[in-house]
Protein chains: 2
Amino acid sequence: MDAAYQRIADDIARLINSGHIAAGSQLPSVRELAAQRGVSATTAVSALRVLEQRQLAEARPRLGYFARRAPAPMAEPQFRPPQSHSRAVRISDVITQMFPGEAPSPPRAAPLGAALPDPELLPIQALQKATARLARTRPQLLSGYGPLDGSLRLRRWLVAHYLRCETVLDPSELLITNGGMEALELALGAVCQSGDSVAVESPCYFGFLQVLETLKLKACEVRTHPRSGLSVEALAEVLQAPGGERIKACLLCPTVSNPLGATLPDADKQALVALCQRYGVALVEDDLYGDLHYAAQRPRPLRHFDARAEVIVCGSFSKTLAPGARVGYIAAGHHVERVRALKFATSVSTAPLLQAALAEVLEGAVYVRHMRRLRQACQDQVEQVMGCITEHFPPETRVVQPSGGFLLWLQLPAGSNSLEIYRAAISEGLEFAPGALFSASGQGFADSLRLNCGHRITPAMQAAVARLGALCRQHLAQSQSASHSP
Amino acid sequence: MDAAYQRIADDIARLINSGHIAAGSQLPSVRELAAQRGVSATTAVSALRVLEQRQLAEARPRLGYFARRAPAPMAEPQFRPPQSHSRAVRISDVITQMFPGEAPSPPRAAPLGAALPDPELLPIQALQKATARLARTRPQLLSGYGPLDGSLRLRRWLVAHYLRCETVLDPSELLITNGGMEALELALGAVCQSGDSVAVESPCYFGFLQVLETLKLKACEVRTHPRSGLSVEALAEVLQAPGGERIKACLLCPTVSNPLGATLPDADKQALVALCQRYGVALVEDDLYGDLHYAAQRPRPLRHFDARAEVIVCGSFSKTLAPGARVGYIAAGHHVERVRALKFATSVSTAPLLQAALAEVLEGAVYVRHMRRLRQACQDQVEQVMGCITEHFPPETRVVQPSGGFLLWLQLPAGSNSLEIYRAAISEGLEFAPGALFSASGQGFADSLRLNCGHRITPAMQAAVARLGALCRQHLAQSQSASHSP
């Protein structure tokens with residue numbers, strides 16, 4: 001996946017995007033490129049084809065390849081301020097309709113729905129080898145529950161990992177969980193009682209809303225900026241409002257959020273921790289996508305700004321290593337005793353074999369290289385999907401510029417209803433996450449949608465995005481003509 | 001583990017226990033035994049030593065082996081009727097003290113605490129092979145979430161398995177869970193609201209109580225017979241009491257219960273299903289130990305007697321195949337949509353690799369043979385521990401005769417406090433489950449305790465049971481002298 005032709009394509013793409021190669025100018029011929037880079041003609045052709053796929057080059061018959069104009073940056077979405085009071089969450093019915101228990105029918109045209117990376121981008125081979133070897137040689141990993149808190153080796157790796165972004169965790173506050181969702185449920189279960197209100201971002205990852213619904217917690221949706229995330233000012237207003245309601249906890253994704261890909265600036269992280277401590281609001285930090293921030297050095301998590309270890313950090317290896325391992329973690333700080341009791345009552349322990357196999361892959365040199373490549377691939381893929389959107393979606397479509405990860409949030413022009421578009425799209429096997437999933441009422445963000453860009457951009461993927469754009473344009477034309485008819 | 005010497009020992013043990021070989025009479029000599037059974041002298045010696053270990057034979061120097069008096073059957077425990085009203089559950093603090101997150105210290109003298117079978121009794125090698133092979137050859141089992149409901153192959157195996165005890169499940173009502181505990185939490189989460197009352201057996205498996213505490217449900221503890229399980233009559237009284245409280249669900253282990261090993265007779269199962277349907281009480285059946293019933297044909301589950309598929313059946317492979325796989329299941333009947341939504345919000349899906357590996361082992365011929373041996377081993381081990389108890393525990397100790405499984409419930413003479421004995425015992429690395437864990441208040445069954453007999457009876461195990469008996473006698477003498485002192 002890191003073949004020579006891709007490295008060559010990446011280099012040329014950077015020159016085009018930075019303006020060093022002007023739009024419309026001719027690119028090196030196959031023979032020139034092969035000579036310049038010391039590769040075969042086949043490799044040079046492949047590199048040029050990749051650029052064409054990414055819409056950064058076009059082939060003109062008998063003339064060769066030419067650089068294309070980099071698409072104009074698209075406008076950012078504009079959010080209406082959410083309701084300022086908490087409300088019960090009713091989202092699970094909408095969600096289960098979209099994620100049926102069995103495989104979808106008709107078959108999926110492209111993996112644009114669930115937030116998952118391409119298996120080809122993950123070090124699955126290394127994990128297969130480690131798992132097979134451990135399964136053969138360590139029977140106790142299958143015959144016993146293992147330590148209730150989870151593999152000490154894996155917990156120690158997490159401690160070392162967070163130290164790299166200047167955050168001190170203790171192995172004794174860490175528990176390994178069945179994926180990141182269990183971690184979130186344990187965190188909220190430990191700090192909230194049924195009926196309590198929890199502040200969340202708006203739009204809010206529907207998985208958060210599901211956990212709130214399961215635990216019968218109310219959601220207080222707080223204004224969020226498409227790039228800088230939750231508005232700490234808006235949260236402060238809610239907390240300071242005289243006679244305002246009591247917020248028990250704040251659940252958010254401060255570094256690379258879902259769906260926006262937004263990251264709170266350090267100053268806001270610091271202010272948020274201070275604000276929550278002042279008002280006795282528990283902070284639950286979902287750090288699921290933190291390692292996928294595009295910067296060379298990932299931003300520090302909220303917990304870094306919290307000297308008292310009150311922030312509960314949750315995460316998992318589903319987005320960076322292996323969704324199928326179903327392994328997540330929780331750094332519960334002061335709440336560890338309560339979280340441990342809940343975990344023991346919920347699922348006893350997490351499968352020891354998969355924990356051990358993950359630890360082995362994480363400790364290896366493969367993992368560091370893998371993460372560097374994965375981050376770059378995510379950024380490239382998001383850019384490529386943006387290119388397709390510019391070309392195929394209705395003009396005036398607005399798009400978020402994510403700070404990391406592989407999710408892309410779009411706002412369609414006024415009058416669009418993404419749930420209606422979804423119904424038309426899914427009958428063709430085209431899936432995405434409609435905006436309605438990202439509000440507590442299941443009614444908000446009707447004009448928006450989330451696309452998963454975790455997968456390699458193939459011609460089938462480009463065709464799927466193009467077709468989706470056509471459906472959006474068609475829907476918009478219908479709804480405009482309907483609103484103009486007498 | 002099914003060696004010739006053990007078969008010979010089993011045959012002689014049956015003759016002693018049935019009285020065909022009188023206590024005190026001489027057993028065949030090594031030479032005679034070897035000739036009779038056509039085995040080597042070494043094998044014959046091993047068989048006689050096993051009988052000695054089981055306290056069914058004693059060696060007299062220069063004379064040979066003699067049959068010992070079979071221990072008089074011990075009296076059954078007597079239970080005080082539990083409180084007839086529901087109460088909040090407060091048990092997690094007691095439990096987390098006893099199950100620390102890390103390995104115990106001092107090291108465990110014998111595995112008498114947690115309810116687990118000996119790894120040597122499980123087909124772990126077959127599971128290792130299947131897991132290693134699937135890990136190598138099926139990358140998608142690690143790279144993807146798999147079907148949300150779980151492996152269809154595993155669900156189909158469960159359908160076929162339940163058909164063998166005349167119970168019809170449908171693959172579409174089955175979900176694979178992270179162990180049996182998650183299944184129980186999903187079941188109660190689907191049919192109850194926080195604050196509802198749930199009828200349970202008394203004594204009640206502490207895992208049930210933990211789930212009730214987590215979901216903030218109240219426990220209504222119902223009188224239970226040490227052999228025939230939950231008193232359907234007592235439950236009827238609670239439901240019929242004029243102005244009595246509303247019971248929302250009944251959670252029980254109708255076939256081989258934990259801790260008693262009791263099994264509801266068929267007529268009681270039928271009556272229980274009818275009673276719950278009449279009063280609109282949801283039934284949650286934990287079938288975790290059902291396959292470990294000692295009878296050649298396991299009794300039919302509650303669901304068999306329920307034509308309307310209202311009984312929710314939960315179970316797991318932790319007690320019969322591999323605790324470390326952390327795989328359980330739920331047959332949710334009419335409640336499947338609600339359960340699916342909860343599962344998706346709790347942990348998305350269960351690790352696909354381990355599901356596939358279990359399915360492979362379960363489908364093989366190995367599994368049927370394994371279960372036959374496991375049942376026999378459990379029965380033998382329970383009998384041997386009973387022998388040790390007769391010899392070393394205070395006279396007047398009462399013991400349950402379980403119908404299956406590997407758990408043994410003892411009632412110590414009046415004045416005993418098993419929680420105090422626990423504190424003395426654990427400092428020597430001797431663990432067991434004190435009776436206090438089995439009541440909603442954490443206060444009941446102070447005179448009782450549960451021993452795990454899932455492990456092979458070694459000299460170390462016998463010594464541990466003997467030492468525990470000595471601690472019980474010592475504690476009793478102290479408490480009696482304290483109560484008689486002025």
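On a predicted model such as this, the values are computed, not experimentally measured, just so you know. Residue numbers begin at 1 in each chain, while the letters A, B, ... track the order of the sequences.
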*Asks:* Taking every heavy-atom pair that is under 4.5 Å apart, which of A/Gly144, A/Gly207, A/Ala322, A/Ala325 has the most such pairs with chain B?
*Replies:* A/Gly144
*Asks:* Under a 4.5 Å cutoff for heavy-atom pairs, which residue among B/Val211, B/Leu127, B/Asp118, B/Leu342 has the most contacts with chain A?
*Replies:* B/Leu127
*Asks:* Is the closest side-chain heavy-atom distance between A/Met181 and B/Phe344 below 4.5 Å?
*Replies:* no
*Asks:* Is there side-chain contact between B/Arg136 and A/Lys129, with heavy atoms separated by less than 4.5 Å?
*Replies:* no
*Asks:* Kindly say whether B/Ser349 contributes a backbone atom to a donor-acceptor pair with the side chain of A/Arg326 at under 3.5 angstrom?
*Replies:* yes
*Asks:* To the nearest 0.5 angstrom, please state how far the CG atom of A/Leu184 sits from the OG1 atom of B/Thr346.
*Replies:* 11.0 Å
*Asks:* If you tally heavy-atom pairs under 4.5 Å against chain A, which of B/Leu353, B/Leu116, B/Leu209 wins?
*Replies:* B/Leu116
*Asks:* Identify the heavy atoms of B/Ala135 and A/Gln128 that sit nearest to each other, and give their distance.
*Replies:* O-NE2, 2.9 Å
*Asks:* Do A/Leu142 and B/Leu354 have side chains that approach each other closer than 4.5 Å (heavy atoms only, starting at C-beta)?
*Replies:* yes
*Asks:* Within a 6.0 Å radius of atom CD on B/Gln125, are there more than 12 heavy atoms belonging to other residues, nucleotides or ligands?
*Replies:* no
*Asks:* How long is the straight-line distance from CG of A/Leu122 back to OG of B/Ser143, given to the nearest 0.5 Å?
*Replies:* 7.0 Å
*Asks:* Give the member of B/Ala351, B/Ser194, B/Ala357 that has the highest number of heavy-atom pairs under 4.5 Å with chain A.
*Replies:* B/Ala351
*Asks:* List the atom of A/Gly324, the atom of B/Pro352, and the distance in Å for their closest heavy-atom pair.
*Replies:* O-CD, 3.2 Å
*Asks:* Hey, is the main chain of B/Ser347 close enough, under 3.5 Å, to the side chain of A/Glu182 for a donor-acceptor pair?
*Replies:* no
*Asks:* Are any non-hydrogen side-chain atoms of A/Gln193 and B/Lys216 less than 4.5 angstrom apart?
*Replies:* yes
*Asks:* Heavy-atom cut-off 4.5 Å, strictly under: side chain, backbone, both or neither for A/Arg133 against chain B?
*Replies:* neither
*Asks:* For chain A, which of B/Pro119, B/Gly179, B/Pro139 has the most heavy-atom pairs under 4.5 Å?
*Replies:* B/Pro139
